Amino acid sequence: MVTFTLNNLILSASLAVATIAAFSTAAPTAPIHRTTVGSDPCGRLGSKNIRKIKYKDVADCYKAIPIDREIASTTINAVHDLFRDFYVFTDSALTPQVPAPFASEPVDILKELKTIGGRKYTSDYQFHTDVRHAVDTLRDGHASYDVKCYNNYGFEQNLTLYAPVEEGVQTLRVYKDNAKRGYEDCIVDKIDGNPSLPHIRAWATKRVSCSHDVNARQNCALARQGYDVKKGAFLDESGEFSYQSYLPDKGYVDYELRCSNKRPSGPIRLREEWNVYPQTEIAFKDVKSYVAKVCMITEDEPKSGPQAQFRPHRRNLVIPIRKRDLESDDDVTAAADGAPRRLFQEFRDAEKLVSGNATVFYHLKTQPDTGVMVVHTFDAQDEEVSTVLKGLNALHNRNVTNILVDFQGNGGGLISLSSNLVQMLFPSKQPRDASYEADLRVNKSAQKAAAVGFMANDGGYNIYNANEYYDLQTTGPASRYKNNDLFTKPVNITRNGRTNLYSEKTAMYFDPLSAKIVKAVAKFPWTGRRENIRILTDGRCGSACGMASYFWTTTHGVESYSIGGNKGEDLSMFSFSGASVITLKDVHDTYAGLNLTSPLEELAYKNEVRFSWLELYGKNRTIPLEYDAELYRPKHRLDYTSENARSRVVMWKEVVAAAWKK
Ligand SMILES: *[C@@H]1O[C@H](CO)[C@@H](O)[C@H](O)[C@H]1NC(C)=O
Ligand SMILES: *[C@@H]1O[C@H](CO)[C@@H](O)[C@H](O)[C@H]1NC(C)=O
Ligand SMILES: *[C@@H]1O[C@H](CO)[C@@H](O)[C@H](O)[C@H]1NC(C)=O
Ligand SMILES: *[C@@H]1O[C@H](CO)[C@@H](O)[C@H](O)[C@H]1NC(C)=O
Ligand SMILES: *[C@@H]1O[C@H](CO)[C@@H](O)[C@H](O)[C@H]1NC(C)=O
Ligand SMILES: *[C@@H]1O[C@H](CO)[C@@H](O)[C@H](O)[C@H]1NC(C)=O
Ligand SMILES: *[C@@H]1O[C@H](CO)[C@@H](O)[C@H](O)[C@H]1NC(C)=O
């Protein structure tokens, strides 16, 4: 029997940087079913040495999969009904003109899905691709449609790209040349014959869905660094343009480079194919067995059930990490100040003091009054709180007075951890200081579930237990619902001309920070002082990260620095923050756990269909935070340079110098 409480369970989508399936870098496994090599496109793919797989092999197999109209029809109906009855932004997405820093088109997702449902597809691949793209147009990092069938291979370019500003001019350049030809920092004049920066911009606008903000999307598309817990260091990441988890539009990318340090001085023209990485080890010998084993939910995998695992894992953020030669950077040894455990020191100018599963604490040697708290994810257990306390104590022992919070690339995780972290810098004065107002969609099915789900604790995952939410209608200290009013007394909300039922306003329930921690943080010189705290973000701070960012900036007035995007333009402090995420499977599990029939059909294909189910509001705001663009604008802007993009400590020093001018 599995009993979870809601606040432990509501994970927001994780941008957790995952390594590509380990075996893809291991020795090639023996090819399977050699005898069937022939005219079957998936047979050819399945029998190939995994190191030799090319774009065309995958494309041929994918495109040979015939459509099963019955499966397609069930699929589109389930996805449509999910977005009609459960997705919380279906009506908000119709917003005609979203203000800067957002730039997204109004989307009528139901109409889009209906259109797809009405088409006579002959290609299964095209059908699923269209559904995925339709969901992506919402630009909600919490909403996605993924089927294993078509993300069974990842595609990587050897060149990764970024857009630094040097001497006031922004150009697209090579961030890293994984083929070691030395093209780093060559200017990319053209991609596929087009001026490169507009090309990337257009690609990010159309293909990236991590934010409503195009500049944040640009950052999602391009290369950067991310903290790797296992390696204990910042490693290079390709970005969504150079690492694609779905079949790219074509088999190569054309680049025109200009390298000042290279002869000849003329443009260097490269046609770069994709490196292909299988994402599973499932064997198949033809189209039929590919569908049966890779695409379809198989017998040995439980379809739905309360005991099923709930782990977020967002597709386009599964990024291969290239091993950097850590040895060569290890030119500093850990300070021998009697510390019981030596931490790998990657920077000369910053000493790593403490690290956990979500946070890392550095002391800046050049600015000894400043400490850096890197929060690279919230996808960790609540016990991370003790790591944070340890880290803050370590900084305090070094006489640090200023804290820089580095949120870059943080895709969220546990919102209870987020709430705790907020309070560790700004202890709450009221129980609900660190919680959002929120509401969710209600209709007959939800009410049916809630009638059974109220106080039902043994069904596992249950978003329909009103007791897990704050009753804002009661006077006095906020308390959890003691009845089912949340679901039995819905209200009509009309948005962009459409009316739907939502719950009355509520808030998620979080236990307040323990008295012990409140007491422990009280002694720190930065606690409760906005002038001693700054935030650094690249706009890729989603979900639980956006929540913490919102509270620190809007409620507590902490100033934030946003880096990257297009020079001179706004760049959001955070992305897809206005909601909480679950999957289609979670809906099934919820109903199964309550012994009810799910109102949505099961999909035949292995899938991850994620969506926002709970929308949040900023304090005293009437539009949901997800669409409240004003609250995303940063106080300060920074640009990437060739130096700060490759060294986090250089970036921190720039922020610190700007933030705490002497
Ligand atoms: C990428 O670079 C590696 C290392 O040089 C090389 O082995 C590989 O073939 C290259 N990939 C493509 C697609 O050119
Ligand atoms: C990190 O997570 C693992 C797995 O949950 C856990 O065993 C470990 O104690 C955690 N480490 C820290 C420092 O919290
Ligand atoms: C911190 O400041 C105290 C008081 O000024 C001093 O005694 C101590 O040596 C300082 N510690 C460090 C690590 O600099
Ligand atoms: C929710 O309500 C709509 C409109 O009343 C209805 O068409 C739909 O079938 C309901 N969905 C569920 C899952 O009950
Ligand atoms: C919501 O609006 C519909 C008509 O649009 C109406 O029939 C229904 O009674 C309203 N429900 C509530 C709770 O106001
Ligand atoms: C569902 O059915 C099982 C088995 O009959 C029972 O143990 C469980 O309590 C039921 N759950 C709910 C929420 O009614
Ligand atoms: C929200 O409104 C209340 C009541 O008008 C006011 O006291 C409070 O300061 C406002 N909070 C914010 C963050 O605007």
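Counting starts at 1 for both ligands and their atoms, in listed order. All values derive from a computational prediction rather than experimental measurement.
Between His556 and Phe426, the two ring planes are parallel [angle under 30°; tilted spans 30° to 60°]. The aromatic rings of Tyr464 and Phe487 stand perpendicular to each other, their planes meeting at an angle above 60°, with 30° marking the opposite boundary. Aromatic ring pairs are classed by plane angle as parallel below 30°, tilted from 30° to 60° and perpendicular above 60°; the pair His636 and Tyr561 is parallel.
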Quiz item: Passes side chain to side chain contact (heavy atoms under 4.5 Å, CB included), Val656 versus Leu404? Steps please.
Solution: CA-CA 8 Å; Val656 170; Leu404 173 62; 4.2 Å; yes
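With sequence neighbours excluded, the residues satisfying side-chain hydrogen bond (donor to acceptor under 3.5 Å, both in side chains) with His212 are Ser104, Glu626. Residues passing the side-chain hydrogen bond (donor to acceptor under 3.5 Å, both in side chains) test with Glu105, sequence neighbours excluded: none. Applying the side-chain hydrogen bond (donor to acceptor under 3.5 Å, both in side chains) rule to Asn393 yields the partners Lys523; only residues at least two apart in sequence or on another chain are considered.
Contact atoms of ligand 6 toward Asn595: 1 (C), 2 (O), 3 (C), 8 (C), 10 (C), 11 (N), 12 (C), 14 (O) (distance under 4.0 Å to a heavy atom of the residue). Short contacts between ligand 6 and Gly593, defined as distances under 4.0 Å to a heavy atom of the residue, involve ligand atoms 11 (N), 13 (C). Annotation for ligand 3: atoms under 4.0 Å from non-hydrogen atoms of Asn397 are 13 (C).
Taking any N or O of Asn399, backbone or side chain, at least one lies under 3.5 Å from an N or O belonging to ligand 3.
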Does ligand 5 have any N/O atom under 3.5 Å from a protein N/O, and what are those pairs and their distances?
unit_1: ligand 5; atom_1: 2 (O); unit_2: Asn492; atom_2: OD1; d: 3.4
unit_1: ligand 5; atom_1: 2 (O); unit_2: Asn492; atom_2: ND2; d: 2.3
unit_1: ligand 5; atom_1: 11 (N); unit_2: Asn492; atom_2: ND2; d: 2.9
unit_1: ligand 5; atom_1: 14 (O); unit_2: Asn492; atom_2: ND2; d: 3.1

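Checking side-chain atoms of Asn410 against main-chain N and O of Val375 turns up a donor-acceptor pair under 3.5 Å.
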